[in-house]
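To start, the structure under review is shown below, and the notes come after it.
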Protein chains: 2
Amino acid sequence: MTKMSDVAKLAQVSTATVSRVLQKPETVKEETKQKVLEVIKKLDYQPNILARNFRRLETKTILVVMPSILNNVFSQIIVGIDYEATKSGYQVILGNTMQDEQRALGLINHLKQKQVDGMILLTARLDMNELVKISKEYSVVLVSDFLENKNVLPTIAIDNMKESYRITEHLIKLGHTKIAHISGPLDMSMSRDRLSGYQKALMDHNLPIEYGYLEKGDYSFQSGYDSMLSLMDLKCPPTAVVAASDRMAMGAVKAAKKKGVQVPNHIAIVGFDDIEFSKLFEPALTTVAQPFFEMGKKAMSILQQQIAGEQINNDIILLKSELKIRESCGFNLK
Amino acid sequence: MTKMSDVAKLAQVSTATVSRVLQKPETVKEETKQKVLEVIKKLDYQPNILARNFRRLETKTILVVMPSILNNVFSQIIVGIDYEATKSGYQVILGNTMQDEQRALGLINHLKQKQVDGMILLTARLDMNELVKISKEYSVVLVSDFLENKNVLPTIAIDNMKESYRITEHLIKLGHTKIAHISGPLDMSMSRDRLSGYQKALMDHNLPIEYGYLEKGDYSFQSGYDSMLSLMDLKCPPTAVVAASDRMAMGAVKAAKKKGVQVPNHIAIVGFDDIEFSKLFEPALTTVAQPFFEMGKKAMSILQQQIAGEQINNDIILLKSELKIRESCGFNLK
DNA sequence: TTGAAAGCGCTAACAT
DNA sequence: ATGTTAGCGCTTTCAA
């Protein structure tokens with residue numbers, strides 16, 4: 001392996017000068033610089049990044065922690081992160097927690113061991129105390145999810161409550177009065193916000209909040225399916241369902257079809273997220289499109305500011321999302 | 001930051017001993033080991049991985065190169081890779097080529113700069129000469145795709161030809177004689193193999209190979225849609241279609257529906273890959289399920305052998321895939 | 001504008 | 001079983 005000293009020798013300069021040519025070319029005389037550059041080319045010299053990282057105590061690498069990469073929602077955010085990271089020479093390491101506390105802790109250790117310069121969390125389902133602790137010492141950003149204690153981490157997300165309100169209101173305006181909700185796990189801030197948005201919309205339009213219309217899911221297809229089955233078993237089943245995720249909405253639609261209930265003719269069902277297959281699904285899902293790519297980009301850029309030592313407020317940055325009206329919500333009832 | 005010498009001092013041993021406790025605990029006397037371990041705990045010492053990497057000239061990191069992480073096929077393989085990697089303390093870095101030659105070259109440079117110990121390719125659409133060159137010097141494994149020159153890289157995949165043959169034959173046995181094929185880009189080995197399997201099945205059953213029944217797609221939904229439109233415009237349209245990917249099959253189904261042609265009643269359509277939504281799709285797609293997780297795992301384990309310096313044959317390892325018969329192929333015509 | 005030289009923290013060969 | 005010691009290749013301070 002060619003090293004810097006080889007280049008230095010052949011170019012008849014010191015290693016310091018070679019290093020300068022690479023780091024701060026403007027501090028080297030044009031002539032010297034050219035000579036060094038020539039030798040670098042000739043020897044096909046590649047600086048040893050390991051040595052550089054060690055010396056600088058930085059890795060130009062960041063860690064993305066998520067429950068599972070199989071979820072298209074996360075891959076989309078990652079694309080945004082990767083896009084921004086690549087622009088400034090950062091690398092992205094994957095951290096699948098697989099919902100396992102131990103694995104998550106192991107991941108966080110990477111930060112402590114300085115194996116990465118910073119970390120982007122795609123989930124807040126982690127040890128809270130640990131999180132508060134490391135967020136003080138290291139660069140960490142949270143995306144899409146929320147922490148119970150606000151102001152601990154910079155957070156990039158959408159206004160879940162507002163969007164949930166909006167899509168529920170859309171159903172109300174279509175003439176629905178019996179609207180159910182299939183929520184995500186209620187230990188997640190995000191799920192509670194979506195639930196609140198749904199409830200607030202009902203209240204603002206003087207509609208009662210039926211306890212029986214509240215189903216708890218876990219964002220999975222199966223939970224949407226099961227919830228819908230329960231809902232249809234009610235004496236007075238709803239005519240519309242607001243699911244907190246597209247997967248659950250799809251599960252709900254499948255359950256309805258299974259029972260011979262047509263969507264949207266007999267029942268309107270809407271989702272949340274706008275994952276790739278929502279528009280292919282039949283009926284195409286009415287849903288809230290999250291700006292995943294932008295969220296990832298923004299998160300990475302905030303993280304870089306943190307890494308660069310800039311003072312960051314632990315603000316919550318809300319990005320705009322969009323209501324996608326497709327087929328599954330149906331049309332005006334009258 | 002606590003360093004090894006701090007631990008050594010407090011434990012009244014040399015740094016070498018501390019290092020041994022961490023690397024080869026069995027070579028240290030139990031008593032000494034305990035003492036050192038105590039001090040490590042007390043000082044909350046974390047070894048500086050950057051220094052270690054530098055010293056050892058290894059990173060315990062591997063790079064996965066793929067066109068796009070948004071494709072569920074790739075994420076599934078990555079889960080397998082990650083699973084195996086984590087077991088042995090390896091980290092996985094993402095390399096999105098975004099189909100861009102320059103980005104791909106930049107990624108390959110990571111290897112040369114020793115930023116990663118090895119590389120797993122999820123696509124063979126890269127500079128061939130460059131690939132041959134680096135495969136001699138570095139640890140590289142190819143998954144799912146194939147190289148023109150065999151025996152350049154260890155390759156993990158399925159027998160595309162055989163599987164394509166099998167699914168085509170399934171349609172023949174159902175009574176179809178007019179079977180079309182929507183292929184992937186024919187500059188990919190994988191696409192050609194799937195095409196050959198389809199053709200061979202026809203020939204073996206004395207069915208003619210109609211030139212008009214060959215549509216070239218690019219594995220995308222849209223290309224499947226467009227191809228199907230062309231197929232339906234034929235004077236004598238096929239009664240069955242073998243698509244080289246589920247996405248294209250879905251596109252084809254949508255095109256058929258659009259034209260009022262029912263699947264599978266009027267036309268049978270089958271796919272390839274078994275992506276997540278294939279079973280949710282209506283009709284549920286008959287397809288070939290690739291063992292993505294296993295492929296990723298296997299690739300990582302071969303890569304580790306290479307990294308460990310074991311002599312590796314550049315063999316092609318074919319994993320078993322499974323024919324998933326669902327709704328889109330229909331039943332026996334008679 | 002350039003060079004000399006001191007490390008960064010760890011590992012491992014060698015010595016004891 | 002443990003210690004001594006020489007670097008790994010680079011960056012950067014200080015001096016010239």
Side-chain angles (χ1 to χ4, degrees), chain A residues 1-40 43-61 89 109-117, chain B residues 1-40 43-61 89 109-117 308-309:
Chain A
M1 214 53 197
T2 320
K3 55 183 127 172
M4 195 178 270
S5 57
D6 298 332
V7 176
K9 202 181 297 173
L10 198 59
Q12 302 179 56
V13 295
S14 70
T15 56
T17 299
V18 178
S19 179
R20 280 188 202 104
V21 169
L22 262 20
Q23 305 306 321
K24 302 177 182 135
E26 66 281 5
T27 68
V28 181
K29 194 167 60 169
E30 185 60 26
E31 198 188 320
T32 321
K33 189 168 65 185
Q34 287 312 323
K35 192 169 53 177
V36 171
L37 253 18
E38 255 168 47
V39 175
I40 286 180
L43 298 184
D44 190 23
Y45 166 71
Q46 303 259 22
N48 182 326
I49 307 290
L50 261 26
R52 176 183 293 172
N53 287 347
F54 169 48
R55 181 54 230 248
R56 292 205 187 142
L57 288 182
E58 67 171 22
T59 58
K60 281 282 185 180
T61 301
N109 230 26
H110 284 195
L111 248 195
K112 296 193 184 167
Q113 294 182 159
K114 298 214 187 299
Q115 297 196 63
V116 293
D117 297 343
Chain B
M1 214 53 196
T2 321
K3 55 184 128 171
M4 195 177 271
S5 57
D6 298 332
V7 175
K9 202 181 297 172
L10 198 58
Q12 303 179 57
V13 294
S14 70
T15 57
T17 299
V18 178
S19 178
R20 278 186 204 106
V21 169
L22 263 20
Q23 305 305 321
K24 301 178 183 135
E26 67 281 5
T27 68
V28 181
K29 194 167 61 170
E30 186 59 26
E31 198 189 320
T32 320
K33 188 168 65 185
Q34 287 313 324
K35 192 168 52 177
V36 170
L37 253 17
E38 255 168 48
V39 175
I40 287 180
L43 297 184
D44 191 23
Y45 167 71
Q46 303 260 22
N48 183 325
I49 307 289
L50 262 27
R52 176 184 295 171
N53 288 347
F54 169 49
R55 178 57 228 246
R56 291 208 186 140
L57 287 182
E58 67 171 22
T59 58
K60 282 282 184 178
T61 302
N109 231 26
H110 284 196
L111 249 195
K112 296 193 186 167
Q113 294 181 159
K114 299 212 186 297
Q115 296 196 62
V116 293
D117 298 342

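A, B, ... follow the sequence lines: proteins, then strands. Residue 1 opens every chain. Because only heavy atoms are used, hydrogens play no part in the values below, and waters and symmetry mates are left out as well, while side chains stay in.
Extent of DNA chain D lying under 4.0 Å from chain A heavy atoms, first and last nucleotide in 5' to 3' order, is D/dG9 to D/dT13. When DNA chain C is scanned in the 5' to 3' direction for atoms under 4.0 Å from non-hydrogen atoms of chain A, the outermost contacting nucleotides are C/dT1 to C/dG9.
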Applying side-chain contact (heavy atoms from CB on, under 4.5 Å), run through B/M4 and B/L22 and close with a yes or a no.
-> CA-CA 11 Å; B/M4 195 177 271; B/L22 263 20; 4.2 Å; yes
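Residues satisfying the side chain to side chain contact (heavy atoms under 4.5 Å, CB included) test with B/Q113, not counting sequence neighbours, are A/Q46, A/I49, B/N109, B/Q115. Partners of B/E58 under the side chain to side chain contact (heavy atoms under 4.5 Å, CB included) rule, at least two apart in sequence or in another chain, are B/R56, B/K60, B/D117.
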What pairs of donor and acceptor atoms, side-chain ones from residues 6-21 of chain B against any protein atom, are under 3.5 angstrom apart with sequence neighbours left out?
from  : atom 1 : to    : atom 2 : distance (Å)
B/D6  : OD2    : B/K3  : N      : 2.9
B/S14 : OG     : B/A16 : N      : 3.3
B/S14 : OG     : B/T17 : N      : 3.3
B/S14 : OG     : B/T17 : OG1    : 3.4

What donor-acceptor contacts under 3.5 angstrom involve side-chain atoms of residues 27-37 of chain B, with partners at least two apart or in another chain?
from  : atom 1 : to    : atom 2 : distance (Å)
B/T27 : OG1    : B/K24 : O      : 2.8
B/E30 : OE1    : B/K33 : NZ     : 3.4
B/E30 : OE2    : B/Q34 : NE2    : 2.8

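Here the straight-line distance linking atom CG of B/L50 with atom NZ of A/K114 works out to 9.0 Å at 0.5 Å rounding. Atoms CZ and CZ, on A/F54 and B/R52 in that order, are 12.5 Å from each other to the nearest 0.5 Å. Atom CD1 in A/I40 sits 10.5 Å away from atom OG1 in A/T2 (nearest 0.5 Å).
When heavy atoms are screened at a 4.0 angstrom cut-off, A/V18 is found touching no nucleic acid atom at all. Residue contacts for A/S19: at a heavy-atom cut-off of 4.0 Å it reaches a base atom on one of the strands shown.
Comparing B/T27 and B/R55 against DNA chain D, the residue whose closest nucleotide sits nearer the 5' end is B/T27. Nearest-nucleotide assignment on DNA chain D puts the 5′-proximal partner with A/Y45, out of A/Y45 and A/R20.
Looking at residues 46-54 of chain A, you'll see A/P47, A/N48, A/A51, A/R52, A/F54 sit with a heavy atom under 4.0 Å from some atom of DNA chain D.
Overall, the helix from C/dT1-D/dA16 to C/dT16-D/dA1 carries an axis bend of 30° between its ends, with five pairs at each end and the value rounded to 10°.
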